[in-house]
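Please read the structure below before turning to the comments.
Being a predicted model, the structure only gives us computed values, none of them experimental. Per chain, numbering begins at 1; letters A, B, ... match sequence-line order.
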Number of protein chains: 2
Amino acid sequence: MDARILIVDDEPDLLELLSMSLEQAGFTVFTAQSGAEALASVRTDRPDLVLLDVMLGDVSGVTIAGKLKNTPETAQLPVIMLTAKDSETDMVVGLSVGADDYITKPFSSAVLVARIEAVLRRVNGPVAQRLSAGSVKVDPASRRVVAAGKEIELVGGEYKILVALIEAGGDILTRQQLKDMLGEKARGEQMRIVDVYIASLRKKLGNCRSVIKTVHGHGYRIEK
Amino acid sequence: MDARILIVDDEPDLLELLSMSLEQAGFTVFTAQSGAEALASVRTDRPDLVLLDVMLGDVSGVTIAGKLKNTPETAQLPVIMLTAKDSETDMVVGLSVGADDYITKPFSSAVLVARIEAVLRRVNGPVAQRLSAGSVKVDPASRRVVAAGKEIELVGGEYKILVALIEAGGDILTRQQLKDMLGEKARGEQMRIVDVYIASLRKKLGNCRSVIKTVHGHGYRIEK
DNA sequence: AATGTTTGTTAATGATTTGTTAAGTTTTTG
DNA sequence: CAAAAACTTAACAAATCATTAACAAACATT
């Protein structure tokens with residue numbers, strides 16, 4: 001377990017303490033002392049999990065968590081909130097904005113590590129639920145798609161074809177195979193429906209359109 | 001793909017339906033209507049994957065999944081869970097006990113088969129058997145060709161001829177044999193089409209052009 | 001070396017496949 | 001039930017491919 005953890009706290013002492021504990025546990029640690037720093041670090045350091053103190057100087061931890069969860073690119077980023085006392089309101093608010101867990105101070109380093117590992121296990125899961133191809137990312141659970149950092153809206157057919165191609169992992173899928181993905185009813189008889197979806201999919205993918213490769217005479221595949 | 005699938009569901013109708021779908025897709029299917037049956041089948045039938053409904057009469061599917069994952073002999077056995085309508089808790093719980101994927105009802109048979117194959121592919125690891133001749137490598141599944149570390153794009157005819165030559169393993173193939181590879185229809189009457197493809201193939205192969213040897217008066221062969 | 005045959009190469013063509021847009025259908029939604 | 005959205009078909013444009021033709025180079029035989 002060598003995940004990257006961002007710790008956000010405005011107390012330097014606590015930051016140092018947490019930092020040392022987690023580094024000793026084998027994590028790569030980044031730190032931020034303000035909400036602005038935190039958001040910057042998320043973008044540049046790409047942590048796997050954020051440890052967020054509810055009490056911050058400039059912005060409340062809740063606000064940051066809310067921002068992270070409302071931004072498609074970071075909505076999947078696990079957040080664990082640190083609450084001061086066992087304030088139930090903090091806890092409720094924290095979870096309501098989408099935090100994945102909360103820990104009340106004081107806590108032992110062992111507990112902290114255990115909770116982090118539990119969250120990472122739950123999020124990364126036994127199966128990689130986040131599908132991706134290049135900078136195109138798909139979250140099957142929420143059915144959301146992000147291309148080059150921007151969320152795009154796909155209709156059913158487009159989505160099914162994209163997922164099928166990504167799951168194929170670069171292997172070619174024929175028009176017949178792709179059409180089968182569109183639904184059992186197989187209402188249409190022709191294959192061209194696949195081309196039409198590919199076209200609209202590429203249009204929506206914008207700069208990422210190149211992740212879908214045409215294999216002349218055979219079908220389509222994902223270019224990793 | 002002729003894997004063995006165990007389907008566990010307490011609804012006979014659904015069991016029958018799934019069974020037929022998967023058999024038609026080429027799988028060998030076993031069925032169980034209870035947790036006890038399921039565990040027995042795992043021992044005796046040795047399935048390659050278990051399809052497990054979360055809702056069962058006697059024991060929850062989650063319990064069975066947990067048992068399978070906690071038993072060393074079956075811990076590696078892939079499990080896909082069938083959850084009723086988008087119940088997120090089912091999903092989270094299912095994944096937390098170690099299921100490899102989950103599918104929410106209702107789902108199409110095409111999706112089911114695709115997910116099963118995806119899981120099997122992931123578990124068994126990539127089985128992409130590659131063709132190669134010297135530093136020229138061909139991946140039939142994606143139809144990609146790499147020469148001296150650089151990917152090159154081949155059109156249909158070039159690709160077919162290259163594959164035919166590599167599969168011949170150094171044996172000479174005549175123009176007639178190579179032309180037969182180009183298509184059943186044998187649209188063209190002349191042999192020269194083969195020469196033309198050989199020429200463009202060599203050009204694209206660049207430094208690797210020497211892997212294709214001309215055998216004057218006979219045909220072509222691969223130089224390993 | 002001279003000659004006829006086989007092979008290498010390039011460019012041009014017509015055929016096929018794919019891209020794209022728009023217009024008709026069906027399905028979903030309010 | 002009507003409007004909106006999604007699905008499907010159709011039609012044409014663009015791209016790509018297969019094939020032929022023509023000529024140059026290499027080879028084999030004398």
- DNA chain C-proximal residues of residues 154-166 of chain B, any heavy atom under 4.0 Å: none
Please report the distance, rounded to the nearest Å, between [atom1] in [X] and [atom2] in [N].
| X | N | atom1 | atom2 | value |
| --- | --- | --- | --- | --- |
| A:K213 | C:dT17 | NZ | P | 20 Å |
| A:I212 | C:dT18 | CD1 | C1' | 14 Å |
| A:I198 | C:dT18 | CD1 | P | 11 Å |
| B:L182 | D:dA18 | CG | P | 8 Å |
| A:H218 | D:dA18 | NE2 | P | 10 Å |
| B:M181 | D:dA18 | CE | C1' | 18 Å |
| A:Y197 | D:dT9 | OH | C1' | 12 Å |

- Query: Out of D:dA18, C:dG8, C:dG19, which nucleotide sits closest to the side chain of A:R202?
  - Reply: C:dG19
- Item | Closest nucleotide among D:dT19, D:dC7, C:dT9 to the B:D195 side chain | C:dT9
If we only count heavy atoms from C-beta on, is the [X] to [Y] side-chain gap below 4.5 Å?
| X | Y | answer |
| --- | --- | --- |
| B:V113 | A:D180 | no |
| A:V155 | A:Y197 | yes |
| B:V163 | B:P140 | no |
| B:L52 | B:L6 | no |
| A:L201 | A:Y220 | no |

side-chain N/O [X] vs [N] OP1/OP2, d < 4.0 Å:
| X | N | value |
| --- | --- | --- |
| A:T214 | C:dG19 | yes |
| B:Q190 | D:dA18 | no |
| A:Y220 | C:dG19 | yes |
| B:R209 | C:dT9 | yes |
| B:K203 | C:dG8 | no |

- Query: Just by distance, do the side chain of B:S34 and the backbone of B:E37 share a donor-acceptor pair under 3.5 Å?
  - Reply: yes
- Rounded to the nearest 0.5 Å, how far does CD1 of A:I193 lie from CD1 of A:I161? 7.5 Å
- Query: Just wondering, are more than 12 heavy atoms of other shown residues or ligands nearer than 6.0 Å to CZ in A:R143?
  - Reply: yes
- Task: Mark yes when over 12 heavy atoms from residues, nucleotides or ligands other than B:E23 sit less than 6.0 Å from its CD; otherwise mark no.
- Result: yes
- Note on the structure: Assign each of A:R175 and A:V196 the nucleotide of DNA chain C bearing its closest heavy atom; nearer the 5' end lies the nucleotide of A:R175
Distances for protein N or O near nucleotides 23-30 of chain D N or O, under 3.5 Å:
none

- Do B:R221 and B:E223 meet the salt-bridge criterion of a basic N to acidic O distance under 4.0 Å? yes
